[in-house]
Engineer: 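Sharing a structure with you now.
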Amino acid sequence: MRVRFAPSPTGHLHVGNARTALFNWLLARGQGGTFVLRLEDTDEARSTAASADGILEDLRWLGLDWDEGPDRGGEYGPYRQTERLPLYREQAARLLAAGRAYYCFCSPEALEASRQAALRDGRTPRYAGTCRHIDPALAQSRVDGGEPAAIRFHIAETEAVTFTDLVRGAITTDIEQIGDFVLLRQNGLPAYNFAVVVDDVAMGITVVVRGEDHVPNTPRQILLYRALGAEAPAFAHLSLVLGPDHAPLSKRHGASSVADFRARGILPEALRNYLALLGWSPGNDEEIVPLDELARRFRVEDVTKSAGVFDPDKLAWMNRHYVKQATADRIASLLVPHLTTAGYLAPEGAADDARRAFLEACVPVIAGTVDQLADAPARLQSVFEASSVDDVVRHLDAEGPAAAEAARAVVVAFAQVSSGRPRLTRESFREAAQQVRQMTGQKGRALFHPIRLVLTGADSGPELDLLVPAIELGAELPPSSGVPAIAGCRERAARCAAALAGA
RNA sequence: GUCCCCAUCGUCCAGAGGCCUAGGACGCGGCCCUUUCAAGGCUGAAACACGGGUUCGAAUCCCGUUGGGGACACCA
């Protein structure tokens, strides 16, 4: 089995296309087939190299690798349509010689006018066949004389075209619906329908899995396969991905491209798992399914026929799940750009061990509590910003002996509990809270929180955060770590120590 | 406008004639745990679009209506 994903490099990889790529990949990997990546870059106005690079990068990030493609070659290459031009010309010449194609000299303006007229009259626009009957020899001489011409397919059949779609079943199209379409444009570049067929034949593609928007193209392509004397592959058309308002998913729905989700700190395994379950299920109620398992169980035949609405909430849920599953080490690394953007880390800061330990200590606070890593800075605000500690110190003076005592008790308790054991575990905070309760009696309340202890004044007053762990860890950070906001931690630690000494 | 496709909780899926007083997940409500917030556990509300058939029996099959989507380019 040979399947392919053939994006046109005219923008970012959209989640809808990513899902198509994923289903192709799952099919190939699950069946021991070959996954081919081909760039359909024949739209010279819109295709860009940057977009092509971005798409390959996004696919790699998602963990979808290909066996043959523009970057790595393969025996059916090249894998960029603009590098396959001679092939299309050759096949077009063949069809021309066989009388299954002809030169068309119609002007784009005339074509557009008749198209508009058809639309106005409620007819399906289709080429009138104006140039169909021009004598081939005459046409050739006009072309030789330098007259610009496109090459059109001559539809000779008179019967409806039927094919069996792997997900939709039999689909029949009345032949009257199909006009003679363009194979080669005036500029010599192939039109979509022609290029795909020539390539899919040449590349030995056996199953075509693509978006539902290609259903109407399929009968045309089948006609081409016949004219070319090639066997048509099996087709599977995936329903589209819609936004919450049931309109096709686009930028105005917020994140809609793979790059967007990556930038926001969605893990690839989360996006991939979510997308796999949009329109397909393993057949039971499982929701969290690892990639290899997805591939093992995937069958195109089981894909839903109806369109799917993209649900950011469910994606967020999956992402929280996968962030919890991920190692602290990995999440710590992924946190860096977000914390840097927030100004919590200096861009030039050294990624030394102390900084790494500090960031890893922050991970439990993030895990499961944040939808996407981009939300991490807000969640970690109290860790990185000095204001709340200053509040405590101020409060010690303002609230009088009772509050001061409670505050000191918290610091003492935490210091006792946290010394010599892994920091920031739930258990250590539980113990700390326990001790604080004993030490403070009914005066004041000390609540635990992963990474910080919250101190509430005896009767009223503002809630205060005592950032003991942050202070402690921060104090160990060398200035070179590039954690500017934490740099004052030494001082803050000293202040707390002084408060303790006072007690 | 014409052609094509689709139709189970708000959303994503399960359901391939009796197992359905329709199951799971996200989200939402409540309770528990936690003297905050999260996380976790338990629990609740929530759907077979409508109308005709076929059948002893329909969410499951057929037809129509309605609703949604797609396509009608020398763009892919």
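Lettering of chains follows the sequences in order, A, B, ..., and the numbering in each one begins at 1.
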Engineer: Under 6.0 Å from the ring centre and within 45 degrees of the ring axis: does the NZ or CZ of A:Arg38 meet both conditions for the six-membered ring of A:Phe5?
Structural biologist: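 So A:Arg38 doesn't make the cation-pi contact.
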Engineer: Would you mind reading off the distance between A:Asn273 atom CG and B:C26 atom P, rounded to a whole angstrom?
Structural biologist: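 Nearest whole value for this atom pair: 13 Å.
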Engineer: Any base atoms under 4.0 Å from A:Arg168, or only sugar-phosphate, or nothing? Heavy atoms, all strands.
Structural biologist: sugar-phosphate
Engineer: Enumerate all atom pairs, one protein N or O and one N or O from nucleotides 29-31 of chain B, separated by less than 3.5 Å.
Structural biologist:
none

Engineer: Whom does B:G1 pair with, Watson-Crick or G-U wobble, provided both distances fall under 3.5 Å?
Structural biologist: B:C72
Engineer: Check this for me: does any side-chain nitrogen of one of A:Arg264 and A:Asp375 sit under 4.0 Å from a carboxylate oxygen of the other?
Structural biologist: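 Salt bridge: no.
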Engineer: In this structure, how many angstroms lie between the C1' atom of B:C72 and the CD atom of A:Gln116, rounded?
Structural biologist: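 Distance, rounded to whole Å: 12 Å.
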Engineer: Looking at A:Glu286 and A:Arg297, is there a salt bridge between them, counting it only when a charged N and a carboxylate O are closer than 4.0 Å?
Structural biologist: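 Yes, charged N to carboxylate O under 4.0 Å.
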Engineer: Taking the ring centre of each residue, are A:His321 and A:Tyr274 less than 6.0 Å apart?
Structural biologist: no
Engineer: List the atom of A:His14, the atom of A:Val258, and the distance in Å for their closest heavy-atom pair.
Structural biologist: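 Smallest interatomic distance, heavy atoms only, reads O-CG2, 4.5 Å.
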Engineer: Calculate the interatomic distance between A:Asp245 atom CG and B:G67 atom C1'; express it in whole Å.
Structural biologist: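 Atom CG in A:Asp245 sits about 16 Å away from atom C1' in B:G67.
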Engineer: Output the rounded distance in Å from CG (A:Leu277) to P (B:A25).
Structural biologist: 13 Å
Engineer: Checking contacts here: which listed nucleotide (B:C3, B:C12, B:C26) is nearest the side-chain heavy atoms of A:Asp311?
Structural biologist: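 My answer, after comparing the listed nucleotides, is B:C26.
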Engineer: Let me see the working for A:Gln81 and A:Asp41 under side chain to side chain donor-acceptor pair (under 3.5 Å), right down to the final yes or no.
Structural biologist: CA-CA 6 Å; A:Gln81 289 189 325; A:Asp41 57 350; over 6 Å; no
Engineer: Only pairs with both distances under 3.5 Å count, Watson-Crick or wobble alike; so what is the partner of B:C33 in this structure?
Structural biologist: none
Engineer: Under 4.0 Å between a Lys/Arg side-chain N and an Asp/Glu carboxylate O for A:Arg252 and A:Asp245?
Structural biologist: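 Salt bridge present between A:Arg252 and A:Asp245.
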Engineer: With a non-hydrogen cut-off below 4.0 angstrom, is A:Thr304 in contact with a base, only sugar-phosphate, or nothing?
Structural biologist: sugar-phosphate
Engineer: Hey, what are the protein-to-nucleotides 73-76 of chain B N/O distances that come in under 3.5 Å?
Structural biologist:
| residue | atom | partner | partner atom | Å |
| --- | --- | --- | --- | --- |
| B:A73 | OP1 | A:Arg115 | NE | 3.0 |
| B:A73 | OP2 | A:Arg115 | NE | 2.3 |
| B:C74 | OP2 | A:Arg152 | NH2 | 3.3 |
| B:C74 | O2 | A:Gln186 | N | 2.8 |
| B:C74 | N4 | A:Cys106 | O | 2.8 |
| B:C74 | N4 | A:Gln186 | NE2 | 3.3 |
| B:C75 | OP2 | A:Arg185 | NE | 2.9 |
| B:C75 | OP2 | A:Arg185 | NH1 | 2.4 |
| B:C75 | O2' | A:Asp43 | OD2 | 3.0 |
| B:C75 | O2' | A:Arg46 | NH2 | 3.4 |
| B:A76 | OP1 | A:Thr42 | O | 3.4 |
| B:A76 | OP1 | A:Thr42 | OG1 | 2.8 |
| B:A76 | OP1 | A:Arg185 | NH1 | 3.4 |
| B:A76 | OP1 | A:Arg185 | NH2 | 2.4 |
| B:A76 | OP2 | A:Tyr192 | N | 3.2 |
| B:A76 | O3' | A:Glu40 | OE1 | 3.1 |
| B:A76 | O2' | A:Ser8 | OG | 3.1 |
| B:A76 | N6 | A:Asn217 | OD1 | 3.3 |
| B:A76 | N6 | A:Asn217 | ND2 | 3.4 |
| B:A76 | N1 | A:Asn217 | ND2 | 3.4 |

Engineer: For the side chain of A:Leu119, counting heavy atoms from C-beta on, which of B:A25, B:G70, B:C72 is nearest?
Structural biologist: B:C72
Engineer: If I take atom CD in residue A:Gln177 and atom P in nucleotide B:G70, what distance separates them, rounded to the nearest angstrom?
Structural biologist: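 Spelled out: CD on A:Gln177 to P on B:G70 is 18 Å.
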Engineer: What is the distance from CZ of A:Arg297 to P of B:C13, rounded to the nearest Å?
Structural biologist: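 After rounding, the reported distance stands at 17 Å.
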Engineer: Looking at CG of A:Leu294 and CG of A:Asn273, how far apart are the two atoms once the value is rounded to the nearest 0.5 Å?
Structural biologist: 6.0 Å
Engineer: Over all strands shown, is A:Arg320 touching base, sugar-phosphate only, or nothing at heavy-atom distances under 4.0 angstrom?
Structural biologist: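 Sugar-phosphate contact only.
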Engineer: Measure all distances between protein nitrogen or oxygen atoms and nitrogen or oxygen atoms of nucleotides 43-49 of chain B, and list the pairs falling under 3.5 Å.
Structural biologist:
none

Engineer: How would you label the contact of A:Pro244 with the nucleic acid (heavy atoms, under 4.0 Å): base, sugar-phosphate, or nothing?
Structural biologist: nothing
Engineer: For A:Thr124, report the nucleic acid contact type (base, sugar-phosphate, nothing); a contact means any heavy atom under 4.0 Å.
Structural biologist: base
Engineer: Write down the distance between CG (A:Leu294) and P (B:C12), rounded to a whole number of angstrom.
Structural biologist: 19 Å
Engineer: When both hydrogen-bonding distances must be under 3.5 Å and the geometry is Watson-Crick or G-U wobble, what is B:A25 paired with, if anything?
Structural biologist: B:U11
Engineer: Can you tell me the distance, in whole Å, between the CG atom of A:Leu242 and the P atom of B:G10?
Structural biologist: 17 Å
Engineer: Could you pick out which residue, A:Val215 or A:Asp313, lies toward the 5' side of RNA chain B when each is mapped onto its nearest nucleotide?
Structural biologist: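 Closer to the 5' end of RNA chain B: A:Val215.
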Engineer: Using the C1' atoms only, state how far B:C63 lies from B:A58, rounded to an integer number of Å.
Structural biologist: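 One C1' to the other, the span is 15 Å.
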Engineer: Please name the nucleotide paired to B:A58 by Watson-Crick or G-U wobble geometry with both distances under 3.5 Å, or report none.
Structural biologist: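 The answer is none; no pair meets the criterion.
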Engineer: How are the rings of A:Phe181 and A:Phe153 set to each other: parallel, tilted or perpendicular (split at 30° and 60°)?
Structural biologist: tilted
Engineer: Closest approach to the side chain of A:Ser306, judged atom by atom: which nucleotide of B:C6, B:C72, B:G68 is it?
Structural biologist: B:C6
Engineer: Each nucleotide N or O in nucleotides 20-24 of chain B that has a protein N or O under 3.5 Å away: list the pair and distance.
Structural biologist:
| residue | atom | partner | partner atom | Å |
| --- | --- | --- | --- | --- |
| B:G24 | O4' | A:Asp285 | OD2 | 3.2 |
| B:G24 | N2 | A:Glu287 | OE2 | 3.1 |

Engineer: Less than 6.0 angstrom separating the ring centers of A:Phe298 and A:Phe23, yes or no?
Structural biologist: yes
Engineer: Quick one: on RNA chain B, does A:Gly279 or A:Thr172 contact a more 5' nucleotide (nearest heavy atom)?
Structural biologist: A:Thr172
Engineer: May I ask you to say whether A:Arg80 pairs ionically with A:Glu40, meaning some side-chain N is under 4.0 Å from a carboxylate O?
Structural biologist: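 No.
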Engineer: Please table the atom pairs, donor to acceptor, closer than 3.5 Å between any side-chain atom in residues 106-114 of chain A and protein atoms at least two apart or in another chain.
Structural biologist:
| residue | atom | partner | partner atom | Å |
| --- | --- | --- | --- | --- |
| A:Ser107 | OG | A:Glu109 | OE1 | 3.4 |
| A:Ser107 | OG | A:Ala110 | N | 3.1 |
| A:Glu112 | OE1 | A:Arg115 | NH1 | 3.3 |
| A:Glu112 | OE2 | A:Arg115 | NH1 | 3.2 |
| A:Glu112 | OE2 | A:Gln116 | NE2 | 2.7 |
| A:Ser114 | OG | A:Leu111 | O | 3.1 |

Engineer: When you measure from the side-chain N and O atoms of A:Lys324 to the phosphate of B:G40, is any distance below 4.0 Å, counting only OP1 and OP2?
Structural biologist: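 Affirmative; the distance criterion is met.
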Engineer: Any strand is fair game: report the nucleotide pairing with B:G64 by Watson-Crick or G-U wobble, both distances under 3.5 Å, or none.
Structural biologist: B:C50
Engineer: Aromatic rings A:His237 and A:Phe163: how do their planes relate, parallel, tilted or perpendicular, breaks at 30° and 60°?
Structural biologist: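 It falls in the perpendicular class, over 60°.
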Engineer: Tell me which one of A:Asn24, A:Leu37, A:Asp199, A:Val208 satisfies side chain to side chain contact (heavy atoms under 4.5 Å, CB included) with A:Arg4.
Structural biologist: A:Val208
Engineer: Under 4.0 angstrom, heavy atoms only, what part of the nucleic acid is A:Gly211 near: base, sugar-phosphate, or nothing?
Structural biologist: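 Here A:Gly211 touches no strand at all.
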Engineer: Using residues 310-319 of chain A as the side-chain source, report each donor-acceptor pair under 3.5 Å to any protein atom, sequence neighbours left out, with the distance given to one decimal.
Structural biologist:
| residue | atom | partner | partner atom | Å |
| --- | --- | --- | --- | --- |
| A:Asp311 | OD1 | A:Asp313 | N | 3.0 |
| A:Lys314 | NZ | A:Glu287 | OE1 | 3.0 |
| A:Asn319 | OD1 | A:Leu267 | N | 2.7 |
| A:Asn319 | ND2 | A:Gly265 | O | 3.2 |
| A:Asn319 | ND2 | A:Asp371 | O | 2.7 |

